[in-house]
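Worksheet: the structure to be examined is printed underneath.
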Amino acid sequence: MDQKVAGLLNDQVNKELYSAYLYLDMANFYAGQGLDGFANWYEIQAKEEQDHAMLMYRYLHNNGETVTLGAIDKPDKEFKALPDPLKAAHEHEQYVTSLINAIYDAAQAAKDHRTMQFLDWFVKEQGEEEKNSADLIRKMELFGGDAKGLYMLNSELAGRVYSAPSLQL
Ligand code: FEO
């Protein structure tokens, strides 16, 4: 495997685990505010990020590469108002999309078609992640302004259930 591509994928394992940790911190914030539905949403988001890391980890191993695990950064975003994590999540997903695109570009430059095909799933997933995070901001703007609307939104988010990723390695 091209070593630049392998290195970027290895870094991304760490970054996906950081994403999981960041989302756990968002769940933690909402749990502290008594919003168990919002907390549930981000706990599931954290699980999905662990899945992303494991897909990349397995892909590297399946292609004969070694994986080096580094320290995971402390979540450093400060949340004060209720919409803060929603906005931070959307910005974070836009950043992750840029990282996935950069790995894709490197795979393309190395003519690594297998990795490009592997990353296709992540490109699509990022489209969904960005849509979901933008939708949540919009819902909060529309309905989160009064206690009844916030209660309904919290109940809706409480209904999110975890499902394993559609990509399996
Ligand atoms: Fe692993 Fe939320 O992207």
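These numbers come from a predicted model, not from an experiment. Both ligands and their constituent atoms are indexed starting at 1 by order of listing.
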Indicate every side-chain donor-acceptor pair of residues 157-169 with a distance under 3.5 Å to a residue at least two apart or in another chain.
residue : atom : partner : partner atom : Å
Arg160  : NH1  : Trp41   : O            : 3.1
Arg160  : NH1  : Gln45   : OE1          : 2.9
Arg160  : NH2  : Gln45   : OE1          : 3.2
Arg160  : NH2  : Glu48   : OE2          : 3.2
Tyr162  : OH   : Asp51   : OD1          : 3.3
Tyr162  : OH   : Asp51   : OD2          : 2.7
Ser166  : OG   : Trp121  : NE1          : 2.8
Gln168  : NE2  : Pro165  : O            : 2.8

Side-chain contact, heavy-atom cut-off 4.5 Å: His92 with Tyr23? yes
Neighbour count >12 (heavy atoms, 6.0 Å) for atom OH, Tyr59: yes
Counting N and O atoms only, with roles assigned by atom type, does the side chain of Asn154 sit under 3.5 Å from a partner on the main chain of Phe38, one being a donor and the other an acceptor? yes
Scanning both residues in full, the closest heavy-atom pair of Ile72 with Tyr21 reads CG2-CD2, 4.0 Å
Examine the side chains of Gln50 and Glu16 and answer whether a donor and an acceptor come within less than 3.5 Å of each other. no
Heteroatom count (protein N, O or S) under 2.8 Å of atom 1 (Fe) of ligand 1: 3
